[in-house]
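One structure is given here, and the rest of the page talks about it.
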There are 2 protein chains.
Amino acid sequence: MSTSRRAEHYHHGDLRHALLEAAMAMLEAEGAAGLGLRELARVVGVSPAAPYRHFDSKGRLLEALAITGYQRFSTAMWAAERQSAPARRIGAMGQAYVRFALDNPNLFRLMFSPELKRDGRPSLRLAADAAFDTLKAVTAALPEGEKRVAALRAWAQVHGLAVLLLDGQIALRPGEDVDALVAAVIGAG
Amino acid sequence: MSTSRRAEHYHHGDLRHALLEAAMAMLEAEGAAGLGLRELARVVGVSPAAPYRHFDSKGRLLEALAITGYQRFSTAMWAAERQSAPARRIGAMGQAYVRFALDNPNLFRLMFSPELKRDGRPSLRLAADAAFDTLKAVTAALPEGEKRVAALRAWAQVHGLAVLLLDGQIALRPGEDVDALVAAVIGAG
DNA sequence: ACCTGAACACCGTTCAAGT
DNA sequence: ACCTGAACACCGTTCAAGT
């Protein structure tokens, strides 16, 4: 009885999944720099070497987390697109973008971290490209020649707002909420 | 004769300055994560403990580098402001902003790194505030009620462009240069 | 006052060995 | 096939001791 717990999970069952789950929690709690592979192994209850059966390196683990992040981001953006009337679409998607960043600060930072794409993994690029494709819905109604610049402008505005808010560079005024600020800034763009 | 080199620099003369100089070079070469305090000490030729006479921690060293970064940024922005006609001012300062980011990628990233302001050091905040005050020159001509939103819009656009370009998320088209892209994006803002 | 040497408590990663 | 134990080469940081 006393050995069954360990024995039944010696081949952990789903160590890869358990690692990802715990790592995502640690990422959000402490940031990518504070996510230690040894500490992660400790939390999950395996030896320091065990994670290497499932991830070649810490970078690959972070990459997997970032891909999950891009998928969640895509879901949030498509939901905002679907649930809004065409006239409100730009605002709704911009607000969804900023809200995702503020709700998942360390995951969002990881998704844009330069350490990630060192060796340009294709699965990461694919997930990121799919995520940013959601933004193109915003410029669908514009004439062809203006699409690129309009899309970049909208993206830069909303991404800039997100990271400046995230880093505490923009202070919200008393009574001001994020949605109102986003609406004011991108509304006249 | 053989001992004079070491002896005359035992009290290093200006170890603090030498550390900052070498650290700035390492930062630009490898990023803040790749900047090791022990490696830094090795490069400068002192013991691993020596830097602690001048900086309480690695965080404080990075903070000093970031302050230098904000000062350089301010200089670049004021230069752009001074050298441009009023009508071209927004474009010139936006281009200076993005160019600073692309010319000093790891310094720029450090300036906006969340690890820095953990315990809200006042000298860092002062340097950052002074740097962003340069942006207010852009909205000086606008009516009072529109200043804040217009300033935030301009800042978000230009900062978003900078970080997206830095991370390789925006691909420049063949023959397209950064200044032209910045002009196109913020021109109609 | 400023720096060294040695130590402490960590890392990420590798690899032979166990089950 | 999957995991452990022990090791390697590092970290940041501290502190008694040297000059």
Side-chain angles (χ1 to χ4, degrees), chain A residues 2-23 26-27 29-66 110 113-116 118-119 121, chain B residues 2-23 26-27 29-66 110 113-116 118-119 121:
Chain A
S2 66
T3 60
S4 68
R5 174 84 84 93
R6 188 67 168 215
E8 81 187 36
H9 290 299
Y10 185 92
H11 292 180
H12 185 286
D14 202 355
L15 180 55
R16 184 189 163 88
H17 184 253
L19 288 168
L20 285 172
E21 197 118 319
M26 285 172 63
L27 172 68
E30 323 231 30
L35 200 175
L37 232 49
R38 298 183 87 110
E39 191 190 351
L40 174 62
R42 232 174 281 133
V43 165
V44 173
V46 292
S47 84
Y52 287 88
R53 287 292 122 194
H54 301 278
F55 301 96
D56 287 352
S57 65
K58 183 180 172 181
R60 285 278 198 274
L61 207 215
L62 291 176
E63 191 183 294
L65 294 178
L110 174 64
S113 159
E115 276 102 304
L116 273 188
R118 275 286 147 73
D119 44 1
R121 296 289 294 164
Chain B
S2 66
T3 61
S4 69
R5 175 84 83 91
R6 189 67 168 213
E8 81 188 40
H9 290 301
Y10 185 91
H11 292 181
H12 185 286
D14 202 355
L15 179 54
R16 186 191 161 86
H17 184 254
L19 288 169
L20 284 172
E21 197 118 319
M26 285 172 63
L27 172 68
E30 323 231 28
L35 199 175
L37 233 48
R38 297 184 86 110
E39 191 190 351
L40 174 62
R42 231 173 281 134
V43 165
V44 173
V46 292
S47 85
Y52 286 87
R53 287 294 123 193
H54 300 278
F55 301 97
D56 287 351
S57 65
K58 183 180 172 180
R60 285 277 197 275
L61 208 214
L62 292 176
E63 191 182 294
L65 295 178
L110 174 65
S113 159
E115 276 103 304
L116 271 189
R118 275 286 147 73
D119 45 1
R121 297 289 293 164

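Side chains are part of it too, since the values below use all heavy atoms of this structure and drop only hydrogens, waters and symmetry mates. In what follows, chains carry the letters A, B, and so on, assigned in the order in which the sequence lines appear, proteins first and then strands, with residues in each chain numbered from 1.
Partners of B:A50 according to the side chain to side chain contact (heavy atoms under 4.5 Å, CB included) rule, which considers only residues two or more places apart in sequence or in another chain, are B:L15, B:V46, B:S47. Shown here are the side chain to side chain contact (heavy atoms under 4.5 Å, CB included) partners of B:R42, two or more places apart in sequence or in another chain: B:R38, B:E39. Residues satisfying the side chain to side chain contact (heavy atoms under 4.5 Å, CB included) criterion with B:E21, sequence neighbours excluded, are B:H17. Not counting sequence neighbours, the partners of A:A66 by the side chain to side chain contact (heavy atoms under 4.5 Å, CB included) test are A:L110, A:L116, A:L124.
Atom CG in B:L19 sits about 13 Å away from atom P in C:dC2, given to the nearest Å. Protein atom NE2 of B:H17 is 19 Å distant from nucleotide atom C1' of C:dC2, rounded to whole Å. Summarising the geometry, the separation between CZ on A:R53 and C1' on C:dA16 is reported as 11 Å, rounded to the nearest angstrom. Taking atom CG of residue A:L15 and atom P of nucleotide D:dA1, one finds them 17 Å apart after rounding to whole Å.
Looking at DNA chain D, the stems built from 3 or more consecutive Watson-Crick or G-U wobble pairs, each pair with its key distances under 3.5 Å, are C:4-8 with D:12-16, C:12-16 with D:4-8.
Taking all atoms of both residues into account, the shortest heavy-atom contact from B:L62 to B:A32 is CD2-CB, 4.3 Å. Smallest separation of non-hydrogen atoms from A:L35 and A:A23: CD1-O, 3.6 Å.
Contact annotation: the side chain of B:L37 approaches that of B:L61 to within less than 4.5 Å [non-hydrogen atoms, C-beta and beyond].
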Where do N or O atoms of nucleotides 11-14 of chain D meet protein N or O atoms at under 3.5 Å, pair by pair?
residue	atom	partner	partner atom	Å
D:dC11	OP2	B:R42	NH2	2.9
D:dG12	OP1	B:L37	N	2.9
D:dG12	OP2	B:L37	N	3.0
D:dG12	OP2	B:R38	N	3.0
D:dG12	N7	B:R38	NH1	2.8
D:dG12	O6	B:R38	NH1	2.7
D:dT13	OP2	B:Y52	OH	2.8
D:dT13	OP2	B:K58	N	2.9
D:dT13	O5'	B:Y52	OH	3.1
D:dT13	O4	B:R38	NH1	3.1

Report the C-alpha distance between B:M26 and B:L40 in whole Å, list the side-chain angles of each, state the deciding distance to 0.1 Å, and finish with yes or no for side chain to side chain contact (heavy atoms under 4.5 Å, CB included).
-> CA-CA 8 Å; B:M26 285 172 63; B:L40 174 62; 3.9 Å; yes
